[in-house]
Participant: 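Mind looking over this structure? Questions follow.
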Amino acid sequence: VTNERQVIDAVKQHGGCRIFILGVGSGVSTFLVNGLARVSDGFALFIQDNERVEPAVASLLEKAVSPSLSGISVSWPEAISSGGCSSLAQQVPSKLPTIFAGSSCCAFALYPLGSTPQAGSAVEITSGDSEGQIVMRLSLPEQPSRRSVPVVHHMAGRRLLHDIDEGCDQFTAVVEAATVQVSLLYSVLCRSTAFVAVDRRLGIEFPTLVEPVEPTMSATAVCCTMRTHVVKKKLTKKKKSASCDVCLCAWPPSSLSLRNQEMSGPNALTDTSSMAKLEVVLRLSAADGSFSQSPKLEGATGISGQMLERCARELFGQSGSQMQDQVIVTALVVAYLHKEFVSEKATWHLVAEKSACYLDSRISDWKQPSLQSVEDLIAKAEGFLLQG
């Protein structure tokens with residue numbers, strides 16, 4: 001299915017029934033399956049290829065025929081800042097799903113930085129349908145739980161990303177900026193960010209790259225977990241009940257101040273244009289680690305066709321073959337990285353190692369009495385760069 005969003009929109013516009021959907025296998029589109037369940041007020045389950053289908057189907061059937069909680073709304077208490085100003089919470093998710101038998105959902109309230117709900121405040125949860133209304137009132141803890149690792153905030157950030165993605169018809173630049181902002185602030189992945197693993201055994205001092213993020217999101221999060229219980233009587237009638245847990249969590253102020261200093265300090269950012277140029281160069285690496293001369297590479301490194309011609313004549317006494325040209329360009333790029341980005345070696349050293357392996361595999365194309373190793377070739381390339 002290539003038009004997932006269109007399928008979801010069609011169900012949302014024309015659907016009149018709930019969809020209980022089962023996703024099978026590791027290649028299933030979770031976006032489509034969850035989206036269809038969400039817009040139809042249904043439920044989605046996933047199983048792997050080697051799992052039995054029967055338990056999952058039975059669970060979906062039970063949810064379809066059992067009473068459920070719908071029309072859920074949460075009334076969050078106001079928060080008071082240190083200046084005495086009151087502020088309302090941002091609920092995540094903005095719309096709570098229907099809760100079926102044996103399932104649960106979490107709702108989060110995000111408050112502005114520096115504000116906390118008053119002690120003794122309460123969260124009121126209501127659910128109403130044709131069978132009646134359920135109202136629950138839960139008092140917040142007297143003191144928030146302070147944790148060095150803000151797990152609740154990570155969970156809220158991930159759900160906020162889902163809200164942003166689900167509420168947008170297309171992924172515009174504004175939406176991308178919003179998702180990146182949330183992703184960086186809460187340390188959760190989105191489609192525009194990624195975690196990168198680095199090898200710290202190389203003896204290299206790795207620079208810390210921190211993106212600036214405006215601290216507009218909250219330092220305080222309230223998590224409310226709701227569950228539905230189905231009580232069976234005489235095997236024919238069922239009635240529903242619900243339970244709820246609530247917790248209040250905050251980042252320690254010391255952690256927040258340190259985090260903001262890292263984000264806004266004068267030494268926190270690497271030069272943007274320099275890193276952008278490095279990214280362009282690294283993206284031009286082929287799968288085998290080689291580089292080829294191109295206008296884009298010339299624009300980023302200054303390695304021009306004239307320089308390539310001069311290097312080939314000095315090394316081989318004539319214009320090089322296509323393979324020899326590729327060898328020369330690869331050596332020049334590695335030398336360029338060593339010369340211009342020595343402080344960012346942690347970023348490019350893996351690419352350079354792959355390029356060195358490529359040069360070693362093509363040693364028969366360039367080896368001569370004055371060039372016996374890859375190190376000799378790269379040192380020669382550094383000389384060419386100095387000549388300009």
Side-chain angles (χ1 to χ4, degrees), residues 1-47 53 56-57 59-76 89-110 125-131 133-134 155-183 188-192 224-228 240 242:
V1 180
T2 58
N3 58 337
E4 297 170 327
R5 192 173 290 278
Q6 288 83 353
V7 173
I8 294 173
D9 290 340
V11 172
K12 184 176 181 180
Q13 294 172 9
H14 307 292
C17 61
R18 289 177 173 173
I19 297 178
F20 293 82
I21 185 169
L22 178 64
V24 181
S26 56
V28 68
S29 171
T30 56
F31 176 80
L32 178 61
V33 173
N34 286 325
L36 291 175
R38 173 177 49 82
V39 298
S40 66
D41 263 347
F43 195 84
L45 278 180
F46 297 89
I47 61 172
V53 177
V57 173
S59 176
L60 289 177
L61 181 60
E62 180 185 9
K63 288 174 171 57
V65 301
S66 299
S68 59
L69 289 176
S70 59
I72 302 171
S73 63
V74 182
S75 177
W76 302 96
Q90 176 185 357
Q91 178 178 296
V92 181
S94 56
K95 180 185 177 182
L96 294 176
T98 299
I99 307 179
F100 296 95
S103 64
S104 63
C105 80
C106 282
F108 304 89
L110 302 177
I125 305 167
T126 59
S127 172
D129 53 25
S130 57
E131 298 182 7
Q133 189 177 56
I134 295 177
M155 295 168 61
R158 185 178 298 279
R159 195 60 189 87
L160 182 56
L161 286 175
H162 288 179
D163 264 15
I164 294 173
D165 187 51
E166 292 170 355
C168 300
D169 295 330
Q170 53 186 347
F171 199 61
T172 62
V174 176
V175 176
E176 181 177 9
T179 56
V180 170
Q181 181 92 347
V182 174
S183 177
V188 292
L189 291 180
C190 70
R191 69 181 73 189
S192 300
C224 185
T225 305
M226 288 156 279
R227 304 178 184 84
T228 300
K240 59 187 177 183

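Since the structure is predicted, the reported quantities are computational estimates derived from the model, not experimental observations.
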Participant: Is there a side-chain contact between Ser75 and Gln91 (heavy atoms, below 4.5 Å)?
Facilitator: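 Ser75 does not reach Gln91 side chain to side chain.
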
Participant: Looking at Ser70, is its backbone amide N or carbonyl O close enough to the side chain of Ser127 to form a donor-acceptor pair, meaning the two atoms are under 3.5 Å apart?
Facilitator: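 The answer is yes, because a donor-acceptor pair under 3.5 Å joins these two groups.
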
Participant: Search all heavy atoms of Ile72 against all heavy atoms of Leu69 and return the closest pair with its distance.
Facilitator: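 Taking Ile72 first and Leu69 second, the nearest heavy atoms are CD1-O, 3.9 Å.
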
Participant: Do Pro97 and Asp41 make a side-chain contact, defined as non-hydrogen atoms from C-beta onward lying under 4.5 Å apart?
Facilitator: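 With C-beta onward as the side chain, the pair stays apart.
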
Participant: Rounded to the nearest 0.5 Å, what's the gap from CG on Leu60 to CD1 on Ile19? Could you check?
Facilitator: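 So the gap between those two atoms works out to 12.0 Å.
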
Participant: Output the distance between atom OG (Ser68) and atom NZ (Lys63), rounded to the nearest 0.5 Å.
Facilitator: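 Those atoms lie 11.5 Å apart.
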
Participant: Taking the side chain as every heavy atom from C-beta outward, state whether Val57 and Phe20 have any pair of such atoms under 4.5 Å apart.
Facilitator: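 Sidechains of Phe20 and Val57: no contact.
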
Participant: Using side-chain contact (heavy atoms from CB on, under 4.5 Å), reason through Phe43 and Asn34 one step at a time and then give a plain yes or no.
Facilitator: CA-CA 8 Å; Phe43 195 84; Asn34 286 325; over 6 Å; no

Participant: Are any non-hydrogen side-chain atoms of Arg18 and Phe100 less than 4.5 angstrom apart?
Facilitator: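 Of all side-chain heavy-atom pairs linking Phe100 with Arg18, at least one is under 4.5 Å.
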
Participant: Looking at every heavy atom in both Ser40 and Cys17, which two are closest together, and how far apart are they?
Facilitator: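 Closest approach of Ser40 to Cys17: CB-O, 3.6 Å.
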
Participant: A side-chain contact here means heavy atoms from C-beta on lying under 4.5 Å apart; do Val33 and Thr30 qualify?
Facilitator: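 A side-chain contact under 4.5 Å is absent here.
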
Participant: Show the nearest heavy-atom pair for residues Ala156 and Leu110, with the distance to one decimal.
Facilitator: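 Result for this residue pair: CB-CD2, 3.8 Å.
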
Participant: Minimum heavy-atom separation for Leu45 and Ala56, please, with both atom names.
Facilitator: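 That would be CD1-O, 3.6 Å.
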
Participant: Is there side-chain contact between Ile134 and Thr126, with at least one heavy-atom pair below 4.5 Å?
Facilitator: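 Counting from C-beta outward, Ile134 and Thr126 never come under 4.5 Å.
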
Participant: Compare every heavy atom of Val182 with every heavy atom of Gly157, then report the nearest pair and how far apart it is.
Facilitator: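 Shortest heavy-atom separation between Gly157 and Val182 comes out as O-CG1, 3.7 Å.
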
Participant: Under 3.5 Å, is there a donor-acceptor pair between the side chain of Ser66 and the main chain of Glu62?
Facilitator: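 Confirmed, Ser66 side chain pairs with Glu62 backbone.
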
Participant: Output yes when Arg159 and Asp163 qualify as a salt bridge under the 4.0 Å nitrogen-oxygen rule, no when they do not.
Facilitator: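 Asp163 and Arg159: salt-bridged.
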
Participant: Any side-chain heavy atom of Gln90 sitting closer than 4.5 Å to one from Leu160?
Facilitator: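 Yes. Closest side-chain heavy atoms under 4.5 Å.
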
Participant: So Ile8 and Leu36, do their side chains get closer than 4.5 Å, heavy atoms only?
Facilitator: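 The answer is yes, as the side chains (C-beta and beyond) meet within the 4.5 Å cut-off.
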
Participant: Where do Leu161 and Ser183 come nearest, in terms of heavy atoms and distance?
Facilitator: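 For Leu161 versus Ser183, the nearest heavy atoms are CD2-N, 4.3 Å.
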
